Structures are given as C-alpha cells and as structure tokens.
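Since this is a predicted model, take the numbers as computed values, not measurements. FYI, the numbering just counts along the sequence from 1. First listed ligand is number 1; within each ligand, the first listed atom is number 1.
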Amino acid sequence: MLSTPLSRLVGDRTAKALAKLGLETGWDLARHYPRRYGDPSRLTDFGDLPLGDHVTLNARIARTSLRPTRKPRISMLDVTVTDGSGEITLRFFGAHGYLASRERRLYAGRVGLFTGTVERFGGKLMLKNPGFEFFDDDDEEDKAAALERMSRPTPIYAATAALPTWRIRGAVQTVLQPLTEDDVPDPVPTEILERDGLPTLREALRLVHDPRTEEDWRRGRERLRYEEAFVLQTALAARRAEAEAEAATAREARAGGIRDTFAKRLPFTLTEGQQEVVAEISGELARPWPMQRLLQGEVGSGKTVVALLSMLQVVDAGGQAALLAPTEVLAAQHARSIRAMLGPLAEAGMLGGAEDATRVELLTGSLPAAARKKALLAAASGEAGIVIGTHALLSEGVQFADLGLVVVDEQHRFGVEQRDALRAKAAVTPHLLVMTATPIPRTVAMTVFGDLETSTLREIPAGRSGIRTFLAPSGHPRWTQRTWELAREQIEDGGRVYVVCPRITAEGDDVETELLDEAAEDGEAQALPVAPAGNGKPQLAAVDEVAAILREHPALDGIRIGELHGRMSPEEKDAAMAAFASGEVPVLVTTTVVEVGVDVPEASVMVIMDADRFGISQLHQLRGRIGRGSRAGTCIAWTTAREGTPAMTRLRAFEATTDGFELAQVDLEQRREGDILGAAQSGHGSSLRLLRVLTDTKVIEKARWDARKIVDRDRTLAAYPALRQAITEQLDPERAQFLDRT
Ligand code: ADP
Ligand code: MG
C-alpha cells in the first residue's frame, strides 16, 4: 500500500510537485517527517515574523478593507491586526459576497487567533488566507475550547514555493488516514516495542504527522529515531556476523620467527597501548575466522610498528600481507621505512639477507613497467611477504599467492567497497586491520565502522617534546621576520621546516586542498586573504611563489628551498622527500601531499599559509608531521580569518589543543551530518533522517545491543521480514549486500 506511486494516491498534479522533493511513493511521503512544529504556546511576537514560517498570532483587529482585484469576480479582503505595537495584514481572496460576509465577522476591535504562513507581498509581510478563531474575552469556556483546537502543534514540512507546507500536510493525511496496522509492517520487533513502551510504526507516523500535543510528536520522533539506529545497527551486526561465519586461515605466531627477531631488535620499547593491541591482534590472527579490526590512534602514536608486527606474524605463518596507503608518497615512505626497519630481514635470497627473511615490494600505479612486472610477480609467487601500495593494489591483474592479512592505513580515504575488493583477492577471506589517525567519537565509529571491532592508541611514545602552536596574522611584518628567523635557527641546529600552501602555482586554479570547496560553500570565500597578486584577484599562497620569495629572503640566505606537490612525478616527489629527510634541502614548500603519515623525525617547524583554508583534521594531520623526534615542534598558522567566523573557531581550537579527539569533536560539530558519515565512508545513503550520530549516543548504543541480540539468534533475519525489508529499502545496496548473499 505504501509502496504505491504517489500519483495513484494523491493525484497527478500533487504527485508531480512532490516528485520535485524527491518523493515518489507512499513510503517516501510517510517518511517525509515535519522539519519542526509551529509552537502553539508561544504567540508570535510581531517583531519577529520569519518569512516562510508558520505562525499563530494572538491579535486584535485594527481595521479592514474590501476591494476588487484585477481578476474578474475575485475580490480581496485586507484585515490589519495588531499586537498593540506592530501591525500585520491578513489577506483573503475570494468572491465578493463571500468576503463581505467574512468581513462582518472580522470587525475592528475583535480579538482572535490567526494562523498561517508569513509571506511577502509588494514588500510587506502578510498572512495569505490564514485560519482564524475567535473567542469571547469574557467567556473562559469558549476560549479554552478554541485554544485547544488552535493550539495543536502544526507540522511544518520542508516545502517548495509550488508546494507549500499545508498542501504537503494534506497529501500526507490523504495517504496515512486509511492505513491500518497491517498496512505498515514494523521493522522494530514487537518484543522491543513492548519492552520500551514504544508506539508501532503506524502510530508513530500519526504522532509525527498529526500530533495533538507536543508530547505526541516527541514520542513519535523518539521511536522513529530508535528505528533508524536499529535498522542500521542490524545491518552492521549482520554484516559482521556474516564475515565471522566465513572461514579464514589461522596464522599463529611462530616462536623464533621473523617477528620475534624483529621485535628483539626494535630500538625502542613498545608503549603499553601498543603491546596490548599487538597481543589482541596476534590472538585474532590465530583464529580460523577473519579478524575485522579498526585501530584508531593519535597522530604519531606508532601504528605502523603495530601493523608491521602483525604482518610479520602472518609472514611467519607462511602467508602474505598487503598494506594499502592513500597516497603514493605515503606508500613509498612506508616501503622505505619498513625496509629500513627490517634490514636484512627484508632481504630474502639476497646477499647479506637473513636466513629467515622475506621481501617487501612496492606496487603503485606510476611504477615503470619493468619494476611493476617484477613486483607483480613477487606478489603472485608469494616471494614478497609484504606488498605495499596504493589503490593500484585493487586493480585487476594484481594477484597474491596466499594473502592472509590486509592492512588499510588512514581508512578515512577508503570505502567499504574498496575494502571488499581487496579482500576478494584472496581465495580465503584475509584478516583485516583498518587504521585511522582521525580519531572518531565512539558513536560515529559505531555507526560508520559498526562492523569492525575497535582498538585505540591514546598514548604518544615517550621522548616527544611537544608542539607549540601560534596563529599569526598573514603578512604581518614582525611575525614574518620572526617566523623565518626561527626557521633559520632551527635549521642551523639540524632541524627541518615545512611550509604548507593551499595552491601549487600562482596562476591557475590548481588547488590541492579538498576542503577549500567546502569553505567556499560555507560563504567563507569572502574572508579570503588578499595577497598582492598584481592582477587584483584574491590569491592563496602558492608553492612556486612562496618558494621563490623564500629563496630571496635574507633570513634564509644560503639555505636550500625544496618544493613538493601532486603535479610532480613520483620520482621527483621521492627525490624531494629524500633531500628534505637527509637535510640537504632543509626547507620544503609543499601542498597537503605531506599531510598523511609522512615521517621525518628532524622536522621541527611547520608554517601553514592561509591556514583558514584547511579543515581541522587536515591541520591536525599536518601538524603531526613535526615534533616527532626529540626536537620540540613549532607550528605557525598564518591566517586572515576574522574572529567569530567558523574558520577562526577552527583555528582557535587548533591553537589551543593537540588532542586529536577534542579537535575531532570541534570538527564534527561544524559539519553537516551527511558530511560526517560521508567523510569517513562513502555511500551512506539517506537513511538517517532523525538520528544524530554525535548526540544520540544512548539511542545508538541501545540499538546496537538490541541488534546484536537479534542477529545472534537469527543471522539471516528469517523471522523478521519487515526488518529485512527495511534494510534493503533504506540502506544503500552496498550495506544491504549481505542479504543477497544469504
Ligand atoms: P602514526 O601512528 O601516526 O602512523 P608512526 O607509526 O608513523 O605514527 O610512528 C611515529 C614515529 O614514532 C615513528 O618514527 C616510529 O618509529 C616511532 N615510534 C613508534 N613506536 C614507538 C615507541 N614505542 N617508542 C618510541 N618511538 C616509537
Ligand atoms: Mg601512520
């Protein structure tokens, strides 16, 4: 019944208008919940009549005027009402006789309630054809009854000019009125409804679309919010259960293997957190079903070594491990540093290689053909115990002899389907370790990564000296001078300096920062720094331009200045990074390609130009590139943002704390819900209407608990057809996929 197209339920004309709002079926309309409710207890102050709002006015009629319009047989009655200070006009259209009789009831001095939507006509605010009720000021009983009727909360829908909220309301009522309980199968099982005293879906829809009281719509909403969390959590629980039901090869730790040898040779002791996570993962790798774990860790908390120890356990057990990185720079760096850490342990079959050793291969899209062929062969033959790469690892033609573990670094760049693509490369489902340096609040993790178990590294290894952060007004002479003098001091002391710019070149629109577009959308574009660009256009700092200026700067005399950005070839990028790491070129002017995971322990200064153009997690990631060794870090963020703007709020938080979890919270608060889910994982669909993942912690936790109990009992949801149905219809196909496979 509710799956019927709207054209058959409410007529073609209305259906067409509803289609513009993306509403096609009865379900769509039923789920088009009111955005808010006209508040009846608060009689609207004339000083505050927001255009487009549905308002109820308690007012006295001041005067009326009835006159013809230009249209034949249509007259117009203007009723001016007052709240004692201000005035507003109520305008009725209709036949002259009809309006004349109405005018006799609407006489001056009469007090009543008037309800309608605020519109603008010829520059004046009016209510068009409002509803009205009168009561005798002396007759309390009459007044109470009228007030009751008038004071029901009025649902206000997301509407269009062609389709005002009251027409939507009418259409919703047309669709909902005839429905019985049987017409509206409820995805929430009866046992839960009874346990929590929740209304059925049919009843909840009535409560939100046609409430008698505020209590009504609050109850309805609460139930629908729970339902959203419950449907999503059931999908995630079922997905997890499905994966756990699969077989995986148990990869037990081998005493005296590469892993043990490597662990003994580590130049530092693992933090307690690292030890715990390593042990946890080790145990899970040894089980005959796939591990599915998310490792969250503050920037610099040492996730790589945790991943490496886990990969070596798999290699010791005769399997292979793949490490997937989001950028070529990062993949190359991982390959370099993992080879360096392993030393002879990564030189199997080579002169000087350890007896019990493996090989580490790098496989990226831009590899020269010969090198690529060699890497492909090593992966397919099993000679390479560890294969490191970018998305290229996902392409067809990449084969593994026995892939036992997939590690995905910096997960926020990868979606579920990519994870699955890589897992599909193994005959037997490999174990999965996903790592992210963008801390995720618990409920977001439960919503976005609900099918993964979570571990968190909160500690930063001892011996870090911390980072101080300063905001500097762009171009301020004293700050400029002080910044480059500090850079020189640090370099003379063996340090390195990053200078981060949002653009590559001074000409063209080659912005390399994802968040710039968003900032522009937020209307922050006006706050753009205006650098002296010659052509008079606002300009963001560009790598080539800033590098040229620094090469001429007296404070940096005799110091080499390097450049790094995404337009360079992989060889050029590698060379630039290597020259910087070695100290040959101690200043690197760069775009955000250094953002993720790059590790140069000597780096101690970071200057971020136009810092307001970066998102908060990006800034945090960037800053994580310095202060990684024993050298204290200084981050100077240049900005022209004004106090009070969202950009400045971000920057002030960035200045105040280096705690990634705190910054993540600020970041999420500034984002829209869709962005939160979308940023962490693609393709979430539009299934969350009422649920707010940041604030609805309790609901999500309860739903998760309930969902797991149900899935434990009935993995394929055979006994819960309405729940199955809801998952298929409300979640995007990727999420609901497990249903087709059962
Ligand atoms: P992230 O978690 O941000 O990926 P990395 O894995 O790159 O951090 O580690 C940052 C640096 O800390 C690396 O140079 C690494 O060798 C070092 N490191 C990791 N664990 C420890 C430890 N327990 N003690 C000291 N240094 C460590
Ligand atoms: Mg890392």
Side-chain angles (χ1 to χ4, degrees), residues 259 262-279 281 293-312 323-343 345-346 386 388-390 407-414 433-440 454-467 495-496 498 577 580-581 592-604 606 617-633 658-661 663-664:
R259 179 185 130 131
F262 170 70
K264 279 199 206 96
R265 285 192 6 206
L266 267 180
F268 45 73
T269 7
L270 296 181
T271 63
E272 241 169 72
Q274 284 172 318
Q275 286 174 26
E276 266 167 40
V277 178
V278 167
I281 294 173
R293 186 160 285 279
L294 171 72
L295 173 56
Q296 296 195 50
E298 185 60 85
V299 182
S301 58
K303 294 182 292 292
T304 314
V305 69
V306 170
L308 184 52
L309 285 163
S310 312
M311 292 194 283
L312 291 175
L323 172 58
L324 204 53
T327 62
E328 298 218 345
V329 171
L330 191 59
Q333 181 201 281
H334 272 320
R336 204 166 36 235
S337 71
I338 286 177
R339 278 185 191 130
M341 281 198 266
L342 288 175
L345 292 173
I386 296 176
I388 300 171
T390 55
V407 180
V408 182
D409 197 13
E410 312 297 351
Q411 152 74 21
H412 60 286
R413 305 274 178 104
F414 284 95
L433 176 64
V434 173
M435 306 199 291
T436 169
T438 308
I440 306 167
T454 309
S455 322
T456 306
L457 287 179
R458 280 186 175 270
E459 259 171 297
I460 302 288
R464 303 275 167 80
S465 313
I467 302 172
R496 316 261 192 285
Y498 287 111
M577 269 322 288
F580 180 65
T592 51
V593 291
V594 294
E595 177 191 338
V596 178
V598 171
D599 190 20
V600 177
E602 294 82 6
S604 55
M606 172 164 286
S617 64
Q618 233 175 352
L619 290 168
H620 183 58
Q621 287 285 330
L622 283 169
R623 183 170 56 182
R625 302 306 111 221
I626 59 168
R628 290 172 81 85
S630 54
R631 202 173 279 281
T658 51
D659 182 334
F661 283 84
L663 291 174

- Item | S604 to A632 - nearest heavy-atom pair and separation | CB-O, 3.6 Å

- Item | ligand 1 atoms in contact with T271 (distance to a heavy atom under 4.0 Å) | 23 (N)

- Message: Assess, by modelled atom type and distance only, whether the side chains of R623 and T658 contain a donor and an acceptor separated by less than 3.5 Å.
- Response: no

- Query: Is the closest heavy-atom distance from T269 to ligand 1 below 4.0 Å?
  - Reply: yes

- Item | Distance filter under 4.0 Å to T304 heavy atoms, resulting ligand 1 atoms | 4 (O), 5 (P), 6 (O), 7 (O)

- Would you mind telling me which of L308, I386, D409 makes a side chain to side chain contact (heavy atoms under 4.5 Å, CB included) with H334? D409

- Message: Applying a heavy-atom cut-off of 4.0 Å, say which part of L270 lies close to ligand 1: side chain, backbone, both or neither.
- Response: backbone

- Task: Indicate, as side chain, backbone, both or neither, the part of M435 found under 4.0 angstrom from ligand 1 when only non-hydrogen atoms are considered.
- Result: neither

- Among L309, V305, T269, find the residue that satisfies the side chain to side chain contact (heavy atoms under 4.5 Å, CB included) test when tested with Q274. V305

- Reported CG-to-CZ distance for the pair L433 and R293, which is rounded to 0.5 angstrom: 8.5 Å

- Taking all non-hydrogen atoms of both residues, which atom of R496 and which atom of F580 are closest, and how far apart? NE-O, 2.7 Å

- Message: For the 3.5 Å polar cut-off, considering only N or O atoms, please tell me whether G302 and ligand 1 meet it.
- Response: yes

- Message: I'd like to know whether ligand 1 has P601 as a neighbour, heavy-atom separation below 4.0 Å.
- Response: no

